[in-house]
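The chain is numbered in sequence order, starting from 1.
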Amino acid sequence: VLSSHGIRSYKLNDMALKNLDKLSNNLRIIKFQYHNITYIGKPITDMIYLESLNLNNNKITLIDNDIINLTRLSKLDISKNLLDDIPNSICELENLIILDLHSNKIKEINPNINKLKLLQNLELSHNQITEIPKEIEYLVEFGKLSHLYLYKNNIINIHFDLNKNKKIRKLKLSMTY
């Protein structure tokens, strides 16, 4: 129904998540905020044409591995949720350009994040991260990462030389919370 009307974007507000599967699989953009969602899985992971997914301000603790089906996803915002890690499945989304995971409970940066070679903007502020792994340097040197936000964490170790990385245009970092 929606695709026949040319709708490619839909902001879900009072619609229940279980009814999402009734929407067109051709949706490109979904915003589903402030709905106490705890899990990312079907039907969202079946929407293979999604390019932008905004699920901020929910209560997400778990992401189904089927998120890897969203191969066209370039923007993912799961900020202000309850994630305690960055799942490997997110690190498989090779077309991500923007990944926003600020204000969660993430304790460490998944080393597989270096698979996101197109990633330009990584937002991890307001978490519980204590170390910045060498894989971040890889994203800067061999990838496209130019905006890195890590302030309001508990950072005590940085495993690469920030002064060498001239490609970073915007870096927000604080060593203690």
Side-chain angles (χ1 to χ4, degrees), residues 1-106 108-127 133 135-136 138-140 142-149:
V1 174
L2 291 175
S3 62
S4 65
H5 291 40
I7 295 174
R8 302 263 188 225
S9 174
Y10 199 74
K11 182 174 181 180
L12 302 167
N13 43 30
D14 293 326
M15 180 181 283
L17 183 60
K18 63 184 176 186
N19 293 324
L20 190 58
D21 60 344
K22 294 177 183 168
L23 295 176
S24 167
N25 283 335
N26 292 325
L27 287 176
R28 303 290 192 262
I29 300 168
I30 289 181
K31 296 179 182 178
F32 199 57
Q33 304 153 289
Y34 301 99
H35 282 278
N36 297 317
I37 298 170
T38 59
Y39 172 74
I40 300 175
K42 294 185 183 293
I44 290 174
T45 57
D46 288 336
M47 297 186 156
I48 60 171
Y49 295 105
L50 274 183
E51 296 170 5
S52 178
L53 178 58
N54 185 336
L55 297 170
N56 72 27
N57 286 288
N58 281 291
K59 295 182 180 178
I60 297 168
T61 58
L62 188 60
I63 299 172
D64 191 287
N65 287 334
D66 285 344
I67 197 167
I68 64 172
N69 295 336
L70 305 181
T71 58
R72 296 179 185 207
L73 203 61
S74 62
K75 181 179 180 184
L76 179 59
D77 184 347
I78 315 174
S79 61
K80 298 182 180 178
N81 277 283
L82 301 172
L83 291 173
D84 60 6
D85 67 355
I86 303 170
N88 283 327
S89 54
I90 285 181
C91 298
E92 297 292 329
L93 297 172
E94 295 179 355
N95 286 314
L96 275 184
I97 295 171
I98 298 169
L99 177 57
D100 190 344
L101 298 170
H102 84 274
S103 302
N104 275 283
K105 296 180 179 212
I106 297 169
E108 65 181 20
I109 299 173
N110 186 327
N112 289 322
I113 201 156
N114 65 1
K115 293 180 178 181
L116 301 176
K117 293 176 180 62
L118 299 179
L119 193 65
Q120 296 175 18
N121 188 324
L122 178 58
E123 170 62 271
L124 290 168
S125 59
H126 295 270
N127 276 290
E135 286 79 10
I136 294 295
Y138 179 87
L139 284 176
V140 174
F142 302 107
K144 297 186 180 259
L145 189 65
S146 60
H147 293 74
L148 178 60
Y149 303 95

Peer 1: Looking only at heavy atoms, what is the nearest atom pair of Ser89 and Ile68, with distance?
Peer 2: O-CG2, 3.5 Å
Peer 1: Indicate yes or no: at least one non-hydrogen side-chain atom of Leu116 is less than 4.5 angstrom from one of Leu122.
Peer 2: no
Peer 1: Does Lys59 offer a backbone N or O that forms a donor-acceptor pair with the side chain of Asn81 under 3.5 Å?
Peer 2: yes
Peer 1: So, taking the atom named CG in Asn104 and the one named CG in Asn56, what distance separates them when rounded to the nearest 0.5 Å?
Peer 2: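 Separation between the atoms: 10.0 Å.
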Peer 1: Decide yes or no for Lys42 and Asp66: does some side-chain heavy atom of the first lie under 4.5 Å from some side-chain heavy atom of the second?
Peer 2: yes
Peer 1: Roughly how far apart are Lys75 NZ and Leu96 CG, rounded to 0.5 Å?
Peer 2: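 If we round to the nearest 0.5 Å, Lys75:NZ and Leu96:CG are 11.5 Å apart.
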Peer 1: Tell me whether Asp100 contacts the main-chain N or O of Asn54 through its side chain, where contact means a donor paired with an acceptor under 3.5 Å.
Peer 2: no
Peer 1: Going by heavy atoms in the side chains, are Thr71 and Ile48 under 4.5 Å from each other?
Peer 2: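 Thr71 vs Ile48: side chains apart.
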Peer 1: Hey, are the side chains of Asn110 and Ile90 touching, using non-hydrogen atoms and a 4.5 Å cut-off?
Peer 2: no
Peer 1: State the CD-NZ distance between Glu94 and Lys117, to the nearest 0.5 angstrom.
Peer 2: 7.0 Å
Peer 1: To check you understand the geometry: which heavy-atom pair defines the closest contact between Leu53 and Leu70, and what is its length?
Peer 2: CD2-CD1, 4.4 Å
Peer 1: Distance check, rounded to the nearest 0.5 Å: Ile67 atom CD1 versus Ile40 atom CD1?
Peer 2: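 CD1 of Ile40 is found 5.0 Å from CD1 of Ile67.
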Peer 1: Report the C-alpha distance between Ile63 and Leu83 in whole Å, list the side-chain angles of each, state the deciding distance to 0.1 Å, and finish with yes or no for side chain to side chain contact (heavy atoms under 4.5 Å, CB included).
Peer 2: CA-CA 9 Å; Ile63 299 172; Leu83 291 173; 4.0 Å; yes
Peer 1: Take the angle between the ring planes of Phe142 and Tyr138 and call it parallel below 30°, perpendicular above 60°, tilted in between.
Peer 2: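 Phe142 vs Tyr138 ring planes: tilted.
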Peer 1: How far does CZ of Arg72 sit from CZ of Arg28, to the nearest 0.5 angstrom?
Peer 2: 6.0 Å
Peer 1: Roughly how far, to the nearest 0.5 Å, is the CG atom of Leu27 from the CE atom of Met47?
Peer 2: 5.5 Å
Peer 1: Just wondering, more than 12 heavy atoms not from Gln120 lying within 6.0 Å of its CD?
Peer 2: yes
Peer 1: Strictly distance-based, threshold 3.5 Å: is any side-chain N or O of Asn58 a donor or acceptor partner for the main-chain N or O of Ile60?
Peer 2: no
Peer 1: If we ignore hydrogens and angles and just use 3.5 Å, is the side chain of Ser74 paired with the main-chain N or O of Glu51 as donor and acceptor?
Peer 2: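 Indeed, once roles are kept as given, a pair shorter than 3.5 Å links the two residues.
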Peer 1: Keeping the roles fixed (side chain from Asp46, backbone from Ile44), state whether a donor-acceptor pair exists under 3.5 Å.
Peer 2: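 Between the backbone of Ile44 and the side chain of Asp46 there is no qualifying donor-acceptor contact (under 3.5 Å).
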